[in-house]
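Structure first, then comments.
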Amino acid sequence: MDITDIIAPLNEAQREAVTAPDRSLLVLAGAGSGKTRVLIHRIAWLLRAEGVSPHAILAVTFTNKAANEMKARLEALLDLSTRDLWVGTFHGLAHRLLRRHAADAGLHEGFQILDSDDQYRLIRRLLKTLELDEARWPPRQIQWYINAQKDQGRRARNLPDSYDPFERQMRRIYLAYEELCQRSGLVDFAELLLRTHEFLRDNADVLAHYQERFQHVLVDEFQDTNDVQYAWLRLLTQDRDNLSVVGDDDQSIYGWRGAKVENLHRFRRDYPRHRMIRLEQNYRSTGNILSAANTLIARNEGRLGKNLWTEGGRGEPISVYAAFNEQDEAGFVVNRIGRWVREGGRRSDAAILYRSNAQSRQFEERLLAHGIPYRVYGGLRFFERAEIKDALAYLRLMANRHDDPGFERVINTPTRGIGAKTLDLVRELARFERLSLWSAARKLIADNVLPARATGALAGFLDLVETMAGAAQGRALWEQVELAVKGSGLLEHYRKEKGEQAEARVENLEELVGAARQFELSPLIDPELGGLDQFLAHAALEAGENQGETFEDCVQLMTLHAAKGLEFDLVFLVGLEEGLFPSLQSLEDPARLEEERRLCYVGITRARRKLYITHAECRRLYGKETYPRRSRFLRELPPDCLEEVRMKGGVSRPVASAMQSGDASAMLGADAPGEFRLGQRVRHGKFGEGVILQREGDGAQARVHVNFAEVGAKWLMLAYAKLEPI
DNA sequence: CGTCCATGTGTTTTT
DNA sequence: CACATGGACG
């Protein structure tokens, strides 16, 4: 591999970024401008042209997917193994560091990682022991509070005293939570980062070691970093001025979970010698799509500023469709996808992007009805499934009898006659004597203070775990997992249950054994650490795909958040309505509104060739019919890039779709005599001429849906609208 | 212990 | 509306 191969495929700005001198670098990269490519080629350049050792490079991403992709592309480009490079997610790298230095970082050797679900359960249990009412102190809110504090680097003990009783209580709970985790050797996601930061900050020699080692630190999606992540990077690089970051302030869409776009500004201040390079040439989308995206995002304030351009043509205009309701919206989209496929397009090149997951259903139903294969992203992932977490809980108990969350989870799963009462006694004793649940249960049995049946059941559970742990000694990882799945009775339990769900659970449990086998073969295993601990950490940190690989050519359905980083020839951006997108919760707050706008920008820039934007005049939301206004984002797009899609043939479609969906009032309307029948042409004083598409209600409540030539479709009250038949 | 109904709740999501 | 959760009951 020659150096020319590293720089030849790059444009001038990219090349400048890749070969920038040995100090801090900020690459401000617009959507589709090749930012990941720049990062990868820069690493290649450092290795090949600058002769930097692989050991001296640290590359950080947010998702496992991005990390894996980076490794794969580097290996392909350089024909070398990436084993010596530190490439990983913030959390993965933090975990690696903490395992190495567990004792020095104040953690148990066998500390376990809590995923959000574990954390939630732990908080609920904590509330019980603190005798706090969940209704007054919602666990979700507490979880959010604790994570937000940790993301900002705040420990409970450092929080300022407050006279606000709410704040005081939150702080108290946070403190109790920290103690509980510390005592039980549990580390949540935010803790991984915070603990790593504190550890490096407080151990000068260790910090010096890593500062010395990492001559180059590179970060992808820098706009998504939170305070602790920034502080962590800062510690590692402050003396050497060797931080290269790639990001796009216009694609910052994770502010709600602690990400700070301001970190880009902070970087500019903290690394005054840095070089800033903008990547503005876009290789993805047509001129119309880019110009719409540019116009939209220009409305946000305080941007670092970028303007995307392309050498390609303007392409087709963006089509805007005003649907009657969400069914019609889905019908339209699926109809266009059908056309796309008939004309030779691939289904997997088409994507439907929505603001919230609940919107997917309409599209799924319609796609199903048309026999078009599709895939929905999001939802439960493999290691998050209940049965998998049950099996993992047994494994955790086998590894460490004092794992309270594991104990809580499976003490009565499958049911073995240990009721709430017995469990309460165990908890009480545990709390009173500061024992683990396991030890408390032991003690209760030994003291023989429980009813005979409860003692028997409890002893049965403890023996079962002991026996399994004994049998697991010296076995291969996959055998241990198999033992947990079978010996625990979980597999049996679901085998006996009937129904599709139970069947899937059995399959998942079997697949877990396969996953363990696979894991043992993977090169990432660190021989110095226990295989089981690593497997459990892997399960928490990398929850896996949400469904098995589908090789079929599928239409892609996902939220806008999930679509970041992806691109498709044909994109449908749906539900552009006030209160839905932008979401109701963000309407009042200018900062959140800007984030919604960035989300819209992300959505638009996913499209390579053709973009459709749809909105519905009427949408059922939480069971109620709403008549949302079209989204402000739609109004903010430049009209010369847009084309309004008009219905062909007047009313034929709405009637058909009303009948199909069994909409009784619409069908009645179709038969209703009088001057305002469906299809009737009418004139309105303000909106001009139109056609009646739908009719609902009677008497004073009667409404009609009219598609006006000038202003699109509107719902009007017959009693007030003063419609005139033509 | 499991089943039934009342009640409430309702963006975005990775780690 | 659709789903999850929790309490009451058999």
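Worth knowing before you read on, the calculation uses all heavy atoms, side chains too, and leaves out hydrogens, waters and symmetry mates. Each chain gets a letter, A, B and so on, in the order the sequences are listed, and its residues count up from 1.
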Is any side-chain nitrogen or oxygen of [X] closer than 4.0 Å to OP1 or OP2 of [N]?
X      : N      : answer
A:R361 : C:dA2  : yes
A:Y622 : B:dT11 : yes
A:R381 : B:dT15 : yes

Could you tell me whether the side chain of A:S116 has a donor or acceptor atom within less than 3.5 Å of a complementary atom in the base of B:dT13?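 No, the side chain and the base share no sub-3.5 Å donor-acceptor pair.
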Decide yes or no, distance alone: a donor-acceptor N/O pair under 3.5 angstrom between the base of B:dT14 and the side-chain of A:R257.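 Indeed there is one.
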For [X], side chain to side chain donor-acceptor pair (under 3.5 Å) partners two or more places apart:
X      : result
A:E578 : A:R632
A:R355 : A:E596
A:Y230 : A:D270
A:T225 : A:N263

Aro-ring/base stack A:F62-B:dT15, d under 5.5 Å, angle under 30°: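 It does not: the ring fails the test against the base of B:dT15.
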Thinking salt bridges, do A:R606 and A:E567 make one under a 4.0 Å N-O criterion?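 So A:R606 does not pair with A:E567 through a salt bridge.
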Using whole Å, what does the distance between atom [atom2] of nucleotide [N] and atom [atom1] of [X] come to?
X      : N      : atom1 : atom2 : result
A:F189 : B:dT15 : CZ    : C1'   : 4 Å
A:H95  : B:dT14 : NE2   : C1'   : 16 Å
A:R620 : C:dC1  : CZ    : P     : 6 Å
A:H538 : B:dT14 : NE2   : C1'   : 15 Å
A:L353 : B:dT12 : CG    : C1'   : 13 Å
A:N147 : B:dT14 : CG    : C1'   : 12 Å
A:L97  : B:dT15 : CG    : C1'   : 16 Å
A:F90  : B:dT13 : CZ    : P     : 21 Å

Distance-only, no hydrogens or angles: does the A:E384 side chain make a donor-acceptor pair with backbone N or O of A:R381 under 3.5 Å?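 Side chain of A:E384 to backbone of A:R381, a donor-acceptor pair under 3.5 Å: yes, one is there.
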For [X], which residues count as a salt bridge (charged side-chain N to carboxylate O under 4.0 Å, His left out) partner, sequence neighbours excluded?
X      : value
A:R201 : none
A:R427 : A:E408, A:D424
A:R416 : none

Across the strands shown, which category fits A:N64 at heavy-atom distances under 4.0 angstrom: base, sugar-phosphate, nothing?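 Answer is sugar-phosphate: A:N64 comes under 4.0 Å of backbone atoms only.
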Counting any heavy atom closer than 4.0 Å, what does A:N357 reach on the DNA or RNA strands: base, sugar-phosphate only, or nothing?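 Sugar-phosphate contact only.
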Heavy atom of residues 573-596 of chain A under 4.0 Å from DNA chain B: which residues?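 Heavy-atom contacts with DNA chain B come from A:S583, A:Q585, A:R592, A:E596.
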Is the shortest side-chain heavy-atom distance between A:K35 and A:E221 below 4.5 Å?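 Heavy-atom side-chain distance check passes, below 4.5 Å.
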Could you write out each protein N or O paired with an N or O of nucleotides 1-4 of chain B at a distance under 3.5 Å?
unit_1 : atom_1 : unit_2 : atom_2 : d
B:dC1  : OP1    : A:N412 : ND2    : 2.3
B:dC1  : OP2    : A:I418 : O      : 3.3
B:dC1  : OP2    : A:G419 : N      : 3.3
B:dG2  : OP1    : A:T415 : OG1    : 2.9

With rounding to whole Å, what would you report as the distance between B:dT12 and C:dT5 at their P atoms?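 About 16 Å, rounded to a whole number of Å.
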Shortest side-chain distance from A:H561, nucleotide among B:dT12, C:dC1, B:dT15: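 So the nucleotide nearest the side chain must be B:dT12.
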